Participant: 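The structure that follows is given in the form of structure tokens.
Order of listing sets the numbers, starting from 1, for every ligand and every atom in it. Numbering of residues begins at 1 and proceeds along the displayed sequence. The figures that follow rest on heavy atoms only: side chains count, while hydrogens, waters and symmetry mates do not. Not measured: the values here are computed from a predicted model.
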Amino acid sequence: MSLPMPVPTTARQPLWYKDAVIYQLHVKTFADSNGDGIGDFRGLSSKLNYLADLGVTCLWLLPMYPSPFRDDGYDIADYYSIHPSYGTLDDFREFLEAAHTRRLQVVTELVLNHTSDQHTWFKEARMSRNNPRRDWYVWSDTDDKYRGVRIIFIDTERSNWAWAPESKAYYWHRFFSHQPDLNYDNPAVREEMWNVMRFWLGLGVDGFRVDAVPYLIEREGTSCENLPETHDVVKFLRANLAEHFPDRMLLADANQPPELVRPYFSEGDEFHMAFHFPLMTRMFMAVRLEDRKPLVEVIERTPEIPETCQWGIFLRNHDELTLEMVSDVERAYMIDEYARDPASRIYLGIRRRLAPLLDGDRRRIELMNGLLMSMPGSPIIYYGDEIGMGDNIYLGDRNGVRTPMQWNGGWNAGFSTADPERLAQPQISNHQFCYQARKGESQTRADHSLLNWMRRLISVRQSTAVFSRGTTTFLMPANHRVLAYLRSLGREQVLCVYNLSNSAQAVELDLQSLAGAVPIEMFGRSLFPRIGELPYMLTLEPYAFFWFRLRRL
Ligand code: GLC
Ligand code: CA
């Protein structure tokens with residue numbers, strides 16, 4: 001495979017991903033340039049100013065490769081090109097260059113665990129038992145190997161084995177049965193995946209969100225998750241990356257408790273970043289319970305990670321709000337509070353966007369985003385959540401949170417000139433969240449729009465490295481409806497105080513160790529009374545929060 005010409009890039013700062021604000025988007029539903037109803041790279045390129053103005057620094061694209069789209073692109077049929085509906089490799093190169101010119105890094109999807117059953121590798125492998133590709137996938141004569149391994153897509157799959165009639169054998173799949181798992185015991189598979197990485201890195205891609213990491217290797221008598229051999233595969237890929245592209249980033253999608261995600265950072269020689277799934281759930285729990293306990297607990301339970309590593313933190317993404325890794329009690333509570341309508345549930349989670357989960361309540365949307373932008377990690381915004389977009393829980397699978405971006409009050413909300421019935425997904429028409437009510441470009445003009453508030457939030461966050469690199473220390477005021485923590489980096493300190501409740505709160509903070517410092521509220525730059533020896537008293541309106549930079553004499 002000859003490598004394409006690289007796209008020139010702005011210099012990547014060392015550890016750039018630690019200071020990143022990431023924006024996750026779907027090319028398919030972002031902007032359609034040629035009127036066929038499907039978003040594409042030219043459309044996306046035309047919206048880069050919007051993204052740069054928002055203040056995000058990195059884009060994460062959902063899978064953009066040729067695919068039969070039975071899992072919205074996570075079923076890849078060819079790792080070396082672009083889905084024709086999205087454009088050509090040249091369109092992608094132009095997009096990448098345009099993004100880099102605006103200092104936006106680009107992270108793409110690396111789906112290691114499985115391919116589509118339409119991939120030629122699998123079409124060959126399934127034909128006969130002695131096909132040279134046979135050993136690229138995981139086969140068995142019976143369907144009783146690896147008994148007890150959990151099924152992830154419990155609404156659609158009954159087994160992790162599926163039958164291939166051509167060669168009369170079962171193949172292993174952790175996700176949909178049309179997504180056969182690759183066999184990472186076969187060194188040729190690892191080598192090929194490194195080739196795939198090299199291809200995109202050679203073009204100039206800044207990193208990968210690595211899909212479904214825990215499931216790469218299977219062993220009898222285990223859960224087939226997080227096995228030592230899986231870590232070996234990751235180490236192999238990282239070592240290659242370190243040698244050839246040391247400034248690029250790998251982000252692990254490992255939906256596991258923090259203790260089991262920690263090994264994926266290893267000694268700084270596996271992943272640079274990993275999602276923090278339980279922190280996401282606990283943010284939603286804390287505002288519903290009106291109590292800081294779930295958040296303090298999860299952060300205290302989170303192990304230290306190496307200097308060069310970073311958590312990826314988020315409120316929502318393209319999947320259901322997952323409740324796989326929480327206790328039964330927590331799951332029941334979340335379902336009760338956030339998913340009364342059974343149609344909003346799927347697998348072990350909730351298929352809703354941020355704004356509808358919070359009843360469109362601007363105060364809670366701001367509070368949750370305030371948490372997202374100040375807790376330890378690099379924040380990830382899911383496209384549309386910056387304008388409070390709605391969802392459609394009746395669209396099937398997880399499509400209801402993947403509807404077209406709402407740009408303006410025009411035809412198809414400015415997403416496409418196609419006839420509405422041709423759109424990749426229908427627009428949201430629910431009157432609270434429809435595009436007449438929530439749209440990107442019009443919010444640009446309205447001073448008090450959520451979009452402009454988000455911009456301000458991001459720019460305040462990015463005005464200091466304390467949020468991205470600092471330590472976190474909780475204060476434990478008697479009022480447990482208030483969450484307060486100090487972020488510190490060198491001499492710099494920021495105090496964050498959140499009212500998690502729906503009623504006004506007063507709180508007395510023990511700030512003795514900071515006596516003499518003057519808190520400066522970071523959004524309006526107003527000075528607050530100097531901290532003395534006595535408890536520091538603050539009052540907060542429902543769901544209000546403060547970020548104070550502490551100025552010392
Ligand atoms: C990950 C993706 C999800 C996909 C699955 C299978 O969990 O986030 O969207 O369906 O992997 O590839
Ligand atoms: Ca198009």
Participant: Look at atom 6 (C) of ligand 1 and say which protein heavy atom is nearest, naming residue and atom and giving the distance to 0.1 Å.
Facilitator: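 Closest protein heavy atom to atom 6 (C) of ligand 1: D71 OD2, 3.3 Å.
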Participant: Could you tell me, atom by atom, which parts of ligand 1 come under 4.0 Å of a heavy atom of H318?
Facilitator: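 Here the atoms of ligand 1 in question are 2 (C), 3 (C), 8 (O), 9 (O).
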Participant: Can you count the protein N, O or S atoms that lie less than 3.0 Å from the Ca ion (ligand 2)?
Facilitator: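 Those protein atoms number 5 in total.
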Participant: Just to be sure I read this right, does ligand 1 sit under 4.0 Å from the backbone of D253, its side chain, both, or neither, counting only heavy atoms?
Facilitator: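 Near ligand 1, D253 shows its side chain, while the N, CA, C and O stay back.
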Participant: How far is atom 8 (O) of ligand 1 from its nearest protein heavy atom, and which residue and atom name does that atom have?
Facilitator: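 Looking only at protein heavy atoms, the one closest to atom 8 (O) of ligand 1 is D319 OD2, 2.5 Å.
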Participant: Please state which option from E320, H114, R402, E109 has its nearest heavy atom closest to atom 12 (O) of ligand 1.
Facilitator: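 Among E320, H114, R402, E109, the closest heavy atom to atom 12 (O) of ligand 1 belongs to H114.
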Participant: Touching ligand 1 at all, R209? Heavy atoms, strictly under 4.0 Å?
Facilitator: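 Yes, R209 has heavy atoms under 4.0 Å from ligand 1.
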Participant: Could R102 and E97 be called an ion pair, given the rule that one side-chain N must be under 4.0 Å from one carboxylate O?
Facilitator: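 No, R102 and E97 are not salt-bridged.
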Participant: So that I can tick it off, tell me whether D419 and R422 are bridged by a salt bridge, with the cut-off set at under 4.0 angstrom between side-chain N and carboxylate O.
Facilitator: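 Answer for the salt bridge query: no.
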Participant: Using the side-chain hydrogen bond (donor to acceptor under 3.5 Å, both in side chains) definition, which of the options N317, T281, N255 pairs with T322?
Facilitator: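 That would be N255.
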Participant: Heavy-atom distances under 4.0 Å are what count here, so tell me which part of Y347 touches ligand 1: side chain, backbone, both or neither.
Facilitator: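 The answer is neither; Y347 stays 4.0 Å or more away.
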Participant: Answer yes or no: is there an ion pair linking R219 with E229, defined by an N-O contact shorter than 4.0 Å?
Facilitator: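 A salt bridge is present here (some side-chain N lies under 4.0 Å from a carboxylate O).
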Participant: Thinking salt bridges, do E225 and R150 make one under a 4.0 Å N-O criterion?
Facilitator: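 Counted as a salt bridge, because a side-chain N and a carboxylate O are separated by less than 4.0 Å.
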Participant: Enumerate the atoms of ligand 1 whose separation from the nearest heavy atom of F153 is less than 4.0 angstrom.
Facilitator: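 Taking each heavy atom of F153 in turn, ligand 1 has 10 (O) under 4.0 Å.
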Participant: Got a sec, which residues hit salt bridge (charged side-chain N to carboxylate O under 4.0 Å, His left out) with R352, two or more places apart in sequence or on another chain?
Facilitator: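 By the salt bridge (charged side-chain N to carboxylate O under 4.0 Å, His left out) rule, R352 matches D391.
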Participant: Under the criterion side-chain contact (heavy atoms from CB on, under 4.5 Å), I'd like the reasoning laid out for Y79 against T115: C-alpha separation, chi angles, the key distance, then a yes or no.
Facilitator: CA-CA 9 Å; Y79 284 79; T115 69; 3.7 Å; yes
Participant: Taking only residues two or more places apart in sequence, or in another chain, which ones meet F277 in a ring pair (Phe, Tyr, Trp, His ring centres under 6.0 Å)?
Facilitator: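 F275, F314.
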Participant: Under the criterion side-chain contact (heavy atoms from CB on, under 4.5 Å), I'd like the reasoning laid out for L348 against E320: C-alpha separation, chi angles, the key distance, then a yes or no.
Facilitator: CA-CA 8 Å; L348 283 178; E320 74 281 13; over 6 Å; no
Participant: Quick one: which ligand 1 atoms are inside 4.0 Å of a heavy atom on R398?
Facilitator: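 Every atom of ligand 1 under 4.0 Å from some heavy atom of R398: 3 (C), 4 (C), 9 (O), 10 (O).
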Participant: What protein heavy atom lies closest to atom 11 (O) of ligand 1? Include the residue and the distance to one decimal.
Facilitator: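 Result: D211 OD1, 2.9 Å.
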Participant: Sort and list the pairs that fulfil salt bridge (charged side-chain N to carboxylate O under 4.0 Å, His left out) and have at least one residue in residues 109-123, not counting sequence neighbours.
Facilitator: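 Checked against salt bridge (charged side-chain N to carboxylate O under 4.0 Å, His left out) - neighbours excluded - the pairs reaching residues 109-123 are E109-R209.
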Participant: Tell me whether D72 is salt-bridged to R402, with the criterion being a basic N under 4.0 Å from an acidic carboxylate O.
Facilitator: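 So D72 pairs with R402 through a salt bridge.
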